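Let me begin by presenting the structure, written as structure tokens, before commenting on it.
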Amino acid sequence: MATTSADYNFRELEPHWQAAWEAAGLSRADNASSKPKYYILDMFPYPSGAGLHIGHPEGYTATDILARYKRARGFNVLHPIGWDAFGLPAEQHAVKTGTHPASNTRNNITNFKRQIRSLGFSYDWEREIDTTDPRYFRWTQWIFLQLFKRGLAYVDERPVWWCPELRTVLANEEVIDGRSEVGNFPVERRNLRQWVLRITAYAERLLADLKDVDWPDSTKRMQEAWIGRSEGAELTFALDGHPDASLKVFTTRPDTLFGCTYMVLAPEHPLVDVITTPEQRAAVAAYRKAASAKSDLERTDLAKDKSGVFTGAFAINPINGRKVPVWAADYVLMGYGTGAIMAVPAHDERDHEFATRFELPVIRVIAGEKGDEKLPYTGEGRLVNSPGYDGLPWEEAKRRVTADLAGRGVGRASVNYKLRDWLFSRQRYWGEPFPIVWVTPEDYARVAARRGSELPPQPVTYSENGQVFYALPLPASALPLVLPDVQSYLPSGTGESPLANERDWVDVWLDAVTGKSVPASQPRPAGEDWVRARRETNTMPQWAGSCWYYLRFLDPRNEAALAGPEALRYWAGPDLYVGGAEHAVLHLLYARFWHKVLFDLGVVPEPEPFRRLFHQGIILGEDGEKMSKSRGNVVNPDSIIQSHGTDTLRLYLMFLGPLEAMKPWNPRGIEGVHRFLQKVWREMIGEDGKMSAKLSPSDPGDAAAIELKRLLHETIRKVGDDIEGMRFNTAISQMMIFANALQKAPRVEITVARQFLQLLAPFAPHISDELWSRLGGTESIQQASWPAHDPKLLEKSEVKVVFQVNGKFRGDLLMPVGTTETEALAAARTHPKVAPHVEGKALARVIYVPGKILNLVVS
RNA sequence: GCUCAGGUGGUGGAACUGGUAGACACGCAGGUCUCAGAAGCCUGUGCUUAACCGCAUGGGGGUUCGAGUCCCCCCCUGAGCACCA
């Protein structure tokens, strides 16, 4: 049912059609459909207080176009949206205002939802999810229990980034230049008890399976680099005077072992205490203290000079028995490899710098072509100064040295990863509580007898004040474990989350079988399963909820499982995933890890979650700078919708340039696409508001009509191809070309106009449905199936042949398809623009590409 | 420093596997309509030239009948990573 305005009244017709679609349920996905499925997913937003940023509708418009297009092509399309709503900003707001973060989050979601709805996206709102909803995070907690059960979650004392201002621990990737990413506050190192997920157990598969996904190469390369696989050897050095201890190092260059002139331990390495001699003890202690205060960045980039201290101890090189001094230096990091290296200053730049500074010997063991390359030399070559191996190419020497040491039990080929285990806990309130309690060893043993299958192969424990505690999972039936209300959202100053202050929540009597609890301040209830327990006060990081949300969309109301097996089988995973490149590593790597664990459990049918991935680019401000409040260059989608309408905004976002490119916003450009829509309106609706008189039910049949129809079919083909290839900007250009032709045509068959509207509909759905209805459509344009182009109409009898002389364009001519080289040559010779350039010259060569080009090479 | 992505008119950008560089749009100029304006419509618009010619895709070289596209060197911009053994 159309509106009645005579002119293009977008303020009236856009809300009208949004309501009509909603009422008709056109965006719903059907879990019981026999149609082929297409699951298209946006990275769901964090509902910030600032409201929608113009970058959100950019990606969402792209996916909406595809969703509408795929529906028209007969697919059962799943196109959902939800809210990644745990996170620091809501917590900081709560700290400031004292209101519960849930209420702030609810307000933000309401605002986001209003904005997203006003853009006319065809989301299936019945599948809306919210990561902070207990019905959702119940399954986040359940997945954690599966990780726990499989021994993939453990507890460790870790030096972590502590931000006194935020009163929270930050992950490495949240710290930038020694300051917090959020808020830009100074941070320091602190040891805290943390939950850690063993993502390194999946390093090999996370790397190998990248070959199976259709992702941008740059993203794959970034993940590869992050996982950072390197092959080498783990070698064992004996320690002089310490027969019980030995020093393990990882090296990628076992071939340079004869050039090892000293060893370096990370200052935190446990052996430092063992081997430091009494004379060196004071110096080493001072050095360790200084190093511990430094960030990795200060130990590396900011330190222009290498620093270090001699431990007084010596190690014995396993290949030649030579004694080499052992140093401690902070350019070696405890978190990589074994936290110790063999230093080969002749063939490693860092070692060379260090050796120069501390006057340690440098021995060349690799000679390149010339043999006297400047040191450090890191190129390839053959071994020298390496008795028994001299003359061997370095690659072969790697294998030989490794094999020889392995034969003596002091080395083995080994693979090392840069990837570290995932620090998974936060000392915050606004996150999922861990479904874990801490109990005594005796209680754990008692429960283990009954619930053994839910426990990890090795118990997870920690000790405090000489007492050991065992991690006991809540039974899955007791989930969700919800957050208690708290008095204050300020973290306890001790590094624990605000939850630690809620004594009646933390210290409980727990029925270890049912998961029921009562505060420990009350008497122990009767029954043998009640144990004294202290709840885990850490919460999960924001990543947790976003690691699996794409699965919940398949079956969002299921109360028996994270999604039903039929839904998981039918939908599998997203066929296309669109979001910013800033998630190229962390989110996408963490989600792949969880997915693989779920795959191993038999929950999901495929080993990879996201088959095809696309990154949209960033929209910059008018000034070409990143949009930010402080620069005052932020564009608000609401104001564009008010001034030009949603269809114009959608179209303009897509016309700006390639979706993947970074591009500046230009407020003038929006007028261009708005004019285009007005033109389409004018060509179809007369001044009286009725269908334009130039539209006729029958085919006018004249030359102009034939040409228009040919152009329509060319447009059908190009728009379809461009949508599939996500080249929306050129699809719009083509539609503009068609609209210009439509304007010039004296009479137009209604069918031609209607098919054109179908092409426009995914991009500008409101105006398209309005015009469709006024041109006699009875159902929504969305329900019409996508037009097919007729290849016969695109066949041409004549093609333009370009004449070149010595590669330069000189003229062109329409010639029949199938023109021979001889005919084309004859035509070129008599062409008025071409002839002067060939007359009187010898023809050396002719290149003829039929239907395209004729190049005459003359001397 | 390393890795990746880019550099095309006054502007955003187009050019599928090497084949007329500048589609489409913005802006600008002139015209038309109008009492006047807005909107619409028509024409023009890389540089140079009266025109032909010539010159043009960051700079330089190369391959090719032919290069924005392929190869080599250099410059610039943006993003990411950072002594990774």
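The basis for the numbers below is simple: all heavy atoms, side chains too, and nothing from hydrogens, waters or symmetry mates. Predicted, not measured: the structure shown is a model, and the values here were computed from it.
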Report summary line: Output field dot_bracket for RNA chain B (Watson-Crick or G-U, both distances under 3.5 Å, | for other-strand pairs) contains (((((((..(((......[....)))((((((.......))))))((......))..(((((..]....))))))))))))....
Query raised in the report: Which part of the nucleic acid, if any, lies within contact of A:Phe655, taking any heavy atom under 4.0 Å across all strands shown: a base, the sugar-phosphate backbone alone, or nothing?
Result: base
Report task. Check side-chain hydrogen bond (donor to acceptor under 3.5 Å, both in side chains) between A:Lys663 and all other residues, then give those that pass, not counting sequence neighbours. Result -> A:Glu58
Query raised in the report: OP1, OP2 of B:A85 versus side-chain N and O of A:Ser230: anything below 4.0 Å?
Result: yes
Query raised in the report: Contact class for A:Ile853 vs. all strands (heavy atom < 4.0 Å): base, sugar-phosphate, or nothing?
Result: base
Report summary line: The nucleotide from B:C65, B:C24, B:U20 with an atom nearest the side chain of A:Ile847 is B:C65
Report summary line: When A:Gln734 and A:Gly807 are each assigned the nearest nucleotide of RNA chain B, the 5'-most assignment goes to A:Gln734
Requested in this report: Give a yes or no on this: more than 12 heavy atoms of other residues, nucleotides or ligands lie within 6.0 Å of atom CD of A:Glu687.
Outcome: no
Query raised in the report: Just by protein heavy atoms under 4.0 Å, how would nucleotides 39-58 of chain B read 5' to 3' in B, S and -?
Result: -SSS-----------SS---
Query raised in the report: Taking only N and O in the side chain of A:Asn666, is any of them less than 4.0 Å away from OP1 or OP2 of B:G13?
Result: no
Query raised in the report: Is any side-chain N or O of A:Arg221 closer than 4.0 Å to OP1 or OP2 of B:A5?
Result: yes
Requested in this report: Check every atom of B:A5, B:C24, B:G13 against the side chain of A:Asn729 and return the nucleotide holding the closest atom.
Outcome: B:G13
Requested in this report: Give the ring-plane orientation class for A:Trp327 versus A:Phe358, where under 30° counts as parallel, over 60° as perpendicular and anything between as tilted.
Outcome: tilted
Report summary line: Of the listed B:G19, B:C84, B:A21, the closest approach to the A:Lys418 side chain comes from B:C84
Report task. Would you classify B:G9 as syn or anti? Syn applies when the glycosidic angle is within 90° of 0. Result -> syn
Query - Spacing of A:Phe354 atom CZ and A:Thr261 atom OG1 [to the nearest 0.5 Å] - result: 10.0 Å
Query raised in the report: How would you label the contact of A:Asn740 with the nucleic acid (heavy atoms, under 4.0 Å): base, sugar-phosphate, or nothing?
Result: sugar-phosphate
**Report entry** Touch class at under 4.0 angstrom, heavy-atom based, for A:Leu656 against every strand present
**Finding:** sugar-phosphate
**Report entry** A:Gln616 side, atom CD; A:Thr61 side, atom OG1 - distance, nearest 0.5 Å
**Finding:** 10.0 Å
**Report entry** Nearest-nucleotide comparison on RNA chain B, the residue closer to the 5′ end among A:Val802 and A:Leu856
**Finding:** A:Val802
